Trainee: 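There's a structure below that I have some questions on.
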Amino acid sequence: MLRSDRWVVGSDEVALEHRVALRSAGVAVGPDGGRPVIGIANSASELNPCNLPLRELAGAAREGVVEAGGLPVEFPVVSLGEDLMKPTAMLYRNLLAIEIEEMLRSYPLDGVVLLANCDKTVPGALMGAASTRLPALLVTGGARPPCVFRGDRIGTGTALWRLWDERRAGALDDDAWLELEHCLSKGTGACNTMGTASTMAILAEVLGLLVPGASTIPSGDPRALEAARATGRRVTELAAHGGSPFAGCDDASFRNAIRVLSAVGGSTNAVLHLVALAGRLGIGLDLGDFDRLGRDVPLLVDVEPAGSGLLPDFDAAGGVPALLRELGDLLEPQVVLADGRRTAEVAGTAPGNAAGAIVPRDRPLATGGALRVVRGTLAPDGAVLKRSSATPALLRHRGRAVVFHSYEEMRHRIDDPSLDVDETSVLVLAGCGPVGGPGMPEWGMIPIPRKLLEAGVRDMVRVTDARMSGTSFGTVYLHVAPEAATGGPLGLVRDGDVIDADADAGRLDLLVGTDELAARAAAWRPAVPTTRRGWVSLYRAHVTQAPRGCDFDFLAPVDDEPPLVEPVVGRS
Ligand code: FES
């Protein structure tokens with residue numbers, strides 16, 4: 001018996017009312033049920049251009065559901081647009097997760113196709129579906145087309161941050177800036193660099209939550225329609241036969257995802273999202289897993305910001321299946337992917353040899369792992385560095401702190417000519433974590449002070465409890481935990497304190513005596529929240545720290561409670 005049959009099968013007034021409601025929306029259920037009802041959860045929105053390609057793909061997913069004998073039902077879900085939402089789309093990732101979970105729980109659905117693309121929509125949708133364990137697969141909208149600016153092919157995010165530095169250094173005039181704006185305003189789809197959206201789509205494919213080969217298909221490519229169709233078919237088949245991709249998504253799946261994260265030089269945000277998603281499945285990931293599993297994985301994908309190409313180049317080189325083949329025995333072969341095949345099988349049928357944006361394993365772009373996890377007196381519970389996008393000479397560094405206690409203060413003071421800073425200083429931005437932000441905004445790539453930019457400095461050591469965009473770069477220690485707003489040592493740093501960082505040794509220390517630090521801690525008082533009601537209040541009260549993925553504490557699985565507590569199906 002299908003789950004939806006509980007709503008529609010029967011001859012009483014309740015079953016009739018449910019069938020009428022569905023029929024009125026064009027969903028032709030009969031009194032005997034037996035046809036899987038498949039949700040198409042669509043986060044397309046004009047407020048979020050990254051997700052607009054999903055409008056077209058929804059139709060293809062519907063076709064796939066019908067082809068497999070199911071009944072598609074499309075419904076809208078909140079769209080988290082990275083570029084426009086303030087203070088950050090991350091503040092609402094858990095809201096999307098709750099929305100997906102509760103929509104699946106409360107409606108007569110047997111499975112769901114998750115249409116998501118922009119950074120936080122992918123993990124939010126997956127987390128919500130994971131908590132129900134219903135059959136669910138992801139369809140992404142692909143990356144937007146690259147553009148050409150003054151003869152150079154440029155991608156989203158990374159190029160803008162670099163060109164902004166050039167403009168602040170006086171090397172880019174008003175005309176060029178306007179030209180850049182028009183150049184970047186072309187096409188819909190996700191960022192075409194290895195930002196968070198691309199990273200999470202790739203990892204979803206590795207986890208078996210997106211059909212093989214589909215995560216890198218560019219926006220507007222006709223292959224995306226076939227992939228969406230295949231996804232609709234697969235979810236319907238799984239629903240009809242009682243299967244779920246989450247059943248096969250185990251510890252080994254996450255180990256493979258962490259290794260691939262390192263091989264692609266992916267976004268540091270993926271650390272938070274993988275921990276949170278694994279947590280929904282009862283799998284405990286530790287920050288140390290990312291360091292341990294990623295260290296031996298060479299950087300094989302030449303895409304910005306760790307490399308020089310763009311996401312369509314990775315797709316042209318064969319995408320994830322070709323990368324799986326190149327990684328070979330670094331991966332666990334038995335992991336089940338979304339079409340039911342295993343990792344080794346998909347890797348074995350990937351076309352050609354490593355070429356273009358995928359380099360051979362014996363000639364990697366870099367070794368030593370893309371990420372580093374550090375701990376120490378400044379980050380007792382850990383911090384993360386994107387080593388693949390850092391300056392090698394700065395991986396071991398000791399310098400005096402220049403402290404900003406809020407984003408506003410940093411924006412106000414960073415270009416002040418009187419700021420006491422030089423290229424050896426360590427820029428500290430505190431108060432921007434999950435509670436402090438709130439939502440841990442992507443403020444972590446603290447701008448280089450203008451006077452240093454003008455002197456040719458392009459990177460400095462920075463330390464923060466904020467995140468940074470996957471498209472960002474630089475020697476930035478992110479996600480410092482515990483965060484300043486909860487009393488973490490980052491909030492106790494003062495101008496002139498010495499910070500000692502050694503990424504490869506896994507250390508991040510504040511060289512201040514323990515007595516002095518204890519005195520500062522005793523004098524510390526939490527900031528008074530600017531709001532005490534609504535979502536932000538709920539968020540601050542329940543969000544976990546970065547090493548636990550910033551999920552809500554009450555959304556973790558409960559041992560003696562089934563993943564999907566079914567509602568009573570009677571009169572509404
Ligand atoms: Fe949406 Fe980058 S801003 S994917």
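Values in this document were obtained by computation on a predicted structure and should not be read as measured data. In each ligand, atom 1 is the first atom listed, and ligand 1 is the first ligand listed. Residues take their numbers from the sequence shown, with the count starting at 1. The figures here come from the full heavy-atom set of this structure, side chains too, leaving out hydrogens, waters and symmetry mates.
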Trainee: Looking at Arg223 and Glu226, is any side-chain nitrogen of the basic one under 4.0 Å from a carboxylate oxygen of the acidic one?
Mentor: no

Trainee: Once you round to the nearest 0.5 Å, how far does CZ of Arg467 lie from OG of Ser267?
Mentor: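 So the CZ of Arg467 and the OG of Ser267 are separated by 8.0 Å.
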
Trainee: Going by atom types alone, do Ser215 and Glu205 pair a side-chain donor with an acceptor below 3.5 Å?
Mentor: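 Side chains of Ser215 and Glu205: pair found under 3.5 Å.
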
Trainee: Looking just at side-chain N and O atoms, do Ser219 and Arg144 make a donor-acceptor pair shorter than 3.5 Å?
Mentor: no

Trainee: Would you say the side-chain atoms of Asn269 and Glu442 include a donor-acceptor pair closer than 3.5 Å?
Mentor: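 Yes, side-chain donor-acceptor contact under 3.5 Å.
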
Trainee: Do any protein N, O or S atoms sit under 2.8 Å from atom 1 (Fe) of ligand 1, and which ones are they?
Mentor: Cys50 SG, Cys118 SG

Trainee: Would you call Asp165 and Arg168 a salt bridge, using N to O less than 4.0 angstrom?
Mentor: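 Judged by the 4.0 Å cut-off on N to carboxylate O distance, Asp165 and Arg168 do form a salt bridge.
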
